[in-house]
Amino acid sequence: ATVRCGARVDTAPDSAGLSETGPLYFIPQKEIVYNGLLPYSDRLDREATELLAEIKANLCRAVLLRELWPGVAFWSRKLFSFLKLYGRRFSKEDHILFIKLLYELVTLPNLEPHMMQSYARLLIQLLKKKELLSRDDLQLPWRPLCDLYERALYSKTEHLGLIWFPNSLDHILKALIKSCRLYFPASSTKEMLDEWRPLLCVFDVVMQKAISNMELFLPTIMPPEEHSQVLSSKYSLSEPELTQLHLVNLFARLANDNIGYVDWTPYIPTIFTRILRSLNLPVGVSQMVSPRYLTNSYDIGYLVLWVTALLGGPGNPAQKELTCLFNSIASFYHPSNHGRWQSRLMRLLQRLPASVVRRVHRERHAAPSWITLVPEHQRLTDADLQEFTRSLIGAALLAMFSKTDSTDAAYALQNLALLTQELVIPPVLEKTYAAMETLTEPHTLTATLSCMIGMARSLVSPNNHYPEGRAHVLPLLMGSLPGVDPNDFSKCMITFQFITTFTTLVPLVDCSSAPCQRTDLTEIEKDLCFASAEFEDFVVQFLDRNAITVILHLNVLCYIFSFFVKQ
């Protein structure tokens, strides 16, 4: 929609570029849609327009007068508040000019650290929605930001007490660089490599600085027309000095941002071999991993991102290696096994399905933008997702009953159920029914109920992959009633959470008369309507369990009372 900006702004010199005179029509970059639901939403447009005009005029005036404090600092905070209240309710031209102005302010030499932090936070907010601005709209030089990073992190005077940097400055600058590197020009890649590749000497400590700079600054998102001229020379994948280095961060980001445009097939066996070795699993009987070998561990987040980007394509070679990897480490997920390596294995199991879910959403449901889409031949098909689920389901079912916690396994099963309900839900249901019939194993019951809570939405969703899942809702609710035991607090609370989740997703309404009134219902829907007559029995038995225990969970009580109100 086109918004009219009728506020009149004092004319400022064109060098600032942040103010206009007279009425203006523009398309907002991205508004907060919830503001339209407020009772005073009719006044928000005028308020936002007047506030934006005031910010633009005074920020421009303060910059021209070189009044960094308090002028620029005050109106930059006003702009930050504007983003929180109204979103990016300004034109693309204003968006670009705001970014350029803040970028110049952040990279000013000898700027006070606290002011640098303030401007950096605002610039990160302006750059947060990368789909709004392409590199054709905005380009930022990388050299001033690199110099700022050099001055802040490798200062020669800070340890002498001549300057003080806040502890959070490191994280803020890294976040700023990650937001800005998308808009570095194409020529910046060659300039960075020409400067940092000569520092890759294993006998010099400066090599670590060069590697960290490469992982942090090098851009990896680019249009397809630049792939042939940039990707082949950017990281020189065929040259030994980079392929033999453990640049997991850089290569994972490169693979994720350019799925289908980089051929990783020759390196897939080596990648998975290094992943297996980085898990530091004990080999042999009564052998422990020495602490000095634990430095070989890679960050699980980057490993998961890299593996996810390798999946799919003709033949799906990465999936075969992934299946072999989990077949070799499946026994370590058994509840009887426990060691310092277990936390890494559980994080791998938890994050990998979540990363695949994000990729599937990116390929099938994401809104179109200027960012390059994954080619059709490289996208994950339903057969690929089924094969991926089969490779992880065994380890996930073993990890359900871990001695430490079943939360990671529940999270993994939840995401696997989003991908392929028909392969994940039946085995978990089988274990859940068996656990409900055994009163002497409370840990088994709490673990299975925790996993069923995560898969509740997939179980009750009306889709064609597992249509009989909704028929299990009432048997599960009835079977969970013995878990309402005031003598076992943990089991009682997980049972309440289980009942709350399902009563939130499924209304407790008697629909047994619906098949007589409607003729467009399927056989499964008719069976569900007839089964809903048993909701009253569930409610009565639930209240009979223990009135005091029921009061402990008021949320469940509200849904129970709503049933009687509807009756």
Side-chain angles (χ1 to χ4, degrees), residues 1-36 38 40-112 114-129 132-133 137-141 144-145 172 176 179-180 183:
T2 302
V3 178
R4 180 178 181 180
C5 177
R8 187 174 181 85
V9 183
D10 294 337
T11 304
D14 294 338
S15 59
L18 294 175
S19 60
E20 293 88 4
T21 303
L24 174 68
Y25 293 87
F26 67 91
I27 299 177
Q29 284 287 80
K30 191 175 183 63
E31 294 184 280
I32 299 179
V33 295
Y34 306 106
N35 286 349
L38 297 174
Y40 48 87
S41 60
D42 54 333
R43 303 197 304 268
L44 288 181
D45 286 344
R46 181 174 180 82
E47 291 177 2
T49 299
E50 293 176 354
L51 180 58
L52 179 62
E54 185 181 11
I55 292 173
K56 290 162 60 177
N58 289 283
L59 184 60
C60 169
R61 188 178 294 111
V63 171
L64 291 175
L65 296 176
R66 299 184 180 181
E67 186 185 333
L68 295 180
W69 180 266
V72 176
F74 176 81
W75 290 106
S76 63
R77 288 196 296 268
K78 280 285 188 180
L79 179 57
F80 194 90
S81 301
F82 180 88
L83 295 175
K84 293 294 184 181
L85 292 174
Y86 305 102
R88 291 152 185 81
R89 192 190 175 280
F90 36 66
S91 64
K92 179 184 288 189
E93 292 76 14
D94 285 346
H95 195 181
I96 295 172
L97 292 172
F98 276 134
I99 292 174
K100 290 183 176 179
L101 175 61
L102 267 298
Y103 190 80
E104 294 292 336
L105 292 174
V106 167
T107 56
L108 282 176
N110 301 322
L111 187 64
E112 294 185 10
H114 75 279
M115 296 180 66
M116 181 198 310
Q117 277 188 307
S118 177
Y119 300 150
R121 288 193 181 98
L122 178 55
L123 185 54
I124 291 172
Q125 286 295 322
L126 290 171
L127 293 169
K128 193 172 183 180
K129 304 294 183 181
L132 298 178
L133 295 175
D137 300 323
L138 174 67
Q139 288 196 9
L140 301 173
L145 198 58
I172 293 177
L176 178 62
S179 301
C180 292
Y183 301 101

| query | Got a sec, which residues hit side chain to side chain contact (heavy atoms under 4.5 Å, CB included) with Ile32, two or more places apart in sequence or on another chain? | reply | Tyr34, Asn35
| query | Just how far is it from atom CG of Leu140 to atom OH of Tyr183, taken to the nearest 0.5 Å? | reply | 8.5 Å
| field | From NZ (Lys100) to CG (Leu102), nearest 0.5 Å | value | 13.5 Å
| query | Charged N to carboxylate O under 4.0 angstrom, Arg46 versus Glu50? | reply | yes
| request: Provide the closest heavy-atom pair for Tyr119 versus Leu111 in the form atom of the first, atom of the second, distance. | output: CD1-CD2, 3.9 Å
| query | Got a second to check how far Asp137's CG is from Leu132's CG, nearest 0.5 Å? | reply | 10.0 Å
| note | For Leu176 and Ala120 the tightest heavy-atom approach is CD2-CB, 4.0 Å
| query | Given Phe98, which of Phe90, Phe82, Phe80 fulfils the ring-ring contact (aromatic ring centres under 6.0 Å, His included) condition? | reply | Phe90
| query | Side-chain contact, heavy-atom cut-off 4.5 Å: Leu83 with Arg88? | reply | yes
| With Leu79, the side chain to side chain contact (heavy atoms under 4.5 Å, CB included) member among Leu101, Leu51, Leu122 | Leu122
| field | Between CD on residue Gln29 and NZ on residue Lys129, distance to nearest 0.5 Å | value | 12.5 Å
| Distance (rounded to the nearest 0.5 Å) between Gln125 CD and Ser179 OG | 9.0 Å
| message | For Ala48 versus Arg89, what's the shortest heavy-atom pair and its separation? | response | CB-CD, 3.7 Å
| note | Taken to the nearest 0.5 Å, the spacing of Ser76 OG from Leu123 CG works out to 11.5 Å
| query | Which atom names give the shortest non-hydrogen contact between Lys92 and Leu133, and what distance separates them? | reply | CG-CD2, 3.7 Å
| Verdict with reasoning, Glu47 to Tyr86, per side chain to side chain contact (heavy atoms under 4.5 Å, CB included) | CA-CA 10 Å; Glu47 291 177 2; Tyr86 305 102; 3.8 Å; yes
| query | Any donor-acceptor pair under 3.5 Å linking the side chain of Ser81 with the backbone of Arg77? | reply | yes
